[in-house]
Amino acid sequence: MPSTSRPPVLLYDGDCAFCQGVVRFVLRHEKRHGLHFASRQSPFGVAALARHPGLPDIDSVVWLEPESLGQPQRVYIRSEAALRVAAYLGGWWRCAAVARLVPRRWRDGAYDRVAALRKRRPGSAQACRLPAPEARERFIDR
């Protein structure tokens, strides 16, 4: 990932217990501690989605790569966003990059099936634990 002054942001569904579990998984396994998080429902998430036509209707995590060296913000969704998360985690998770050999349409189809199943997962987002104090500053809620 290119070096920038601002970190990437992972937008997730703040009303989804599965999605919040994915965020906790990233926090447990990351090595760099540089990724920021925002729920799609937060003011930041709503504004970010509004800047990119078509995104509000997509049921996906969203990886926002910040502007860098005159390049506009880059947006990744579905399987590409998941692969960005795997690359961010590093280590053995980078092996997931082999999935790029699979056509994106197929990868996204698999992602969409998992996304549909996540709504069946029991649990409430309101019962979700707060992140550890050292990680809270990386959650954007404004």
Side-chain angles (χ1 to χ4, degrees), residues 1-132 135-142:
M1 280 179 267
S3 174
T4 63
S5 60
R6 293 190 354 233
V9 176
L10 184 67
L11 294 181
Y12 64 96
D13 184 349
D15 294 331
C16 170
F18 177 80
C19 300
Q20 290 183 3
V22 168
V23 170
R24 286 192 306 275
F25 177 87
V26 170
L27 288 169
R28 266 193 324 271
H29 293 92
E30 68 183 347
K31 292 175 179 30
R32 290 185 265 171
H33 306 284
L35 181 62
H36 283 200
F37 305 89
S39 82
R40 295 172 62 98
Q41 296 81 7
S42 71
F44 177 90
V46 169
L49 294 172
R51 283 193 305 273
H52 302 282
L55 281 185
D57 299 329
I58 292 175
D59 189 17
S60 170
V61 294
V62 178
W63 179 279
L64 299 171
E65 196 73 43
E67 297 173 1
S68 174
L69 303 171
Q71 297 295 318
Q73 180 180 53
R74 298 191 64 158
V75 177
Y76 301 95
I77 59 171
R78 292 187 173 102
S79 63
E80 188 59 36
L83 290 172
R84 296 272 164 171
V85 171
Y88 166 78
L89 290 175
W92 287 101
W93 293 105
R94 288 185 183 212
C95 293
V98 75
R100 285 197 175 92
L101 297 173
V102 175
R104 182 176 290 190
R105 184 178 72 204
W106 294 357
R107 285 187 284 138
D108 285 348
Y111 180 95
D112 290 343
R113 282 189 287 285
V114 171
L117 293 174
R118 73 180 170 88
K119 295 177 182 172
R120 296 184 191 171
R121 180 178 174 178
S124 168
Q126 287 84 12
C128 195
R129 294 175 293 180
L130 290 172
R136 285 187 194 144
E137 67 187 25
R138 295 173 31 219
F139 283 77
I140 306 168
D141 59 1
R142 48 183 156 56

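- Within 6.0 Å of atom CZ in Arg100, more than 12 heavy atoms from other residues, nucleotides or ligands are found, so the atom counts as buried in its surroundings.
- Remark: of the listed residues Arg28, His33, Arg32, His33 is the sole one forming a side-chain contact (heavy atoms from CB on, under 4.5 Å) with Glu30.
- Nearest heavy-atom pair across Ala135 and Leu27 is CB-CD2, 4.0 Å.
- A distance of 8.5 Å separates SG of Cys16 from CG of Asp59, quoted to the nearest 0.5 Å.
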**Q.** Val26 vs Val85, side chain to side chain contact (heavy atoms under 4.5 Å, CB included): CA-CA, chis, key distance, verdict
**A.** CA-CA 8 Å; Val26 170; Val85 171; 3.7 Å; yes

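- With sequence neighbours excluded, the residues that form a side-chain contact (heavy atoms from CB on, under 4.5 Å) with Ala96 are Leu83, Ala86.
- Residue Leu35 holds its CG atom at 5.0 Å from OH of Tyr88, rounded to the nearest 0.5 Å.
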Q) Would Phe44 and Val9 satisfy side chain to side chain contact (heavy atoms under 4.5 Å, CB included), going step by step from the backbone distance to the final call? A) CA-CA 10 Å; Phe44 177 90; Val9 176; 3.7 Å; yes

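- Remark: the backbone N or O of Gly14 is paired with a side-chain donor or acceptor of Gln41 at under 3.5 angstrom.
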Q: Show your reasoning for whether side chain to side chain contact (heavy atoms under 4.5 Å, CB included) applies to Trp63 and Glu80.
A: CA-CA 8 Å; Trp63 179 279; Glu80 188 59 36; over 6 Å; no

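- In terms of heavy atoms, Pro66 sits closest to Pro8 at CD-CA, 3.8 Å.
- Side-chain contact between Trp92 and Arg94 is absent, with no heavy-atom pair separated by less than 4.5 Å.
- Gln71 is linked by a side-chain contact (heavy atoms from CB on, under 4.5 Å) to nothing, counting only residues two or more places apart in sequence or in another chain.
- Expressed to the nearest 0.5 Å, how far CG of Asp13 lies from OG of Ser39 amounts to 8.0 Å.
- Nearest approach of Leu55 to Arg40, heavy atoms of both residues: O-NH2, 3.3 Å.
- Distance check, rounded to the nearest 0.5 Å: SG of Cys19 to CG of Leu11 gives 11.5 Å.
- What you find for Leu64 and Val75 is that their closest heavy atoms are CD2-CG2, 3.7 Å.
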Q: Check the pair Glu67, Arg74 against side chain to side chain contact (heavy atoms under 4.5 Å, CB included), reporting the backbone distance first and the verdict last.
A: CA-CA 7 Å; Glu67 297 173 1; Arg74 298 191 64 158; over 6 Å; no

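- Between Val61 and Leu10 the shortest side-chain heavy-atom distance falls below 4.5 Å.
- Applying the side-chain contact (heavy atoms from CB on, under 4.5 Å) test to Ser60 and every residue at least two apart in sequence or in another chain returns Ile58, Ile77, Arg78, Tyr111.
- His36 and Glu137 are not linked by any side-chain donor-acceptor pair at a separation below 3.5 angstrom, with hydrogens and angles left out of the test.
- Nearest heavy atom pair, residue Ala99 against residue Arg107, reads O-CD, 3.1 Å.
- Of the candidates Phe37, Tyr12, Phe18, Trp93, Phe25 forms a ring pair (Phe, Tyr, Trp, His ring centres under 6.0 Å) with just one, namely Trp93.
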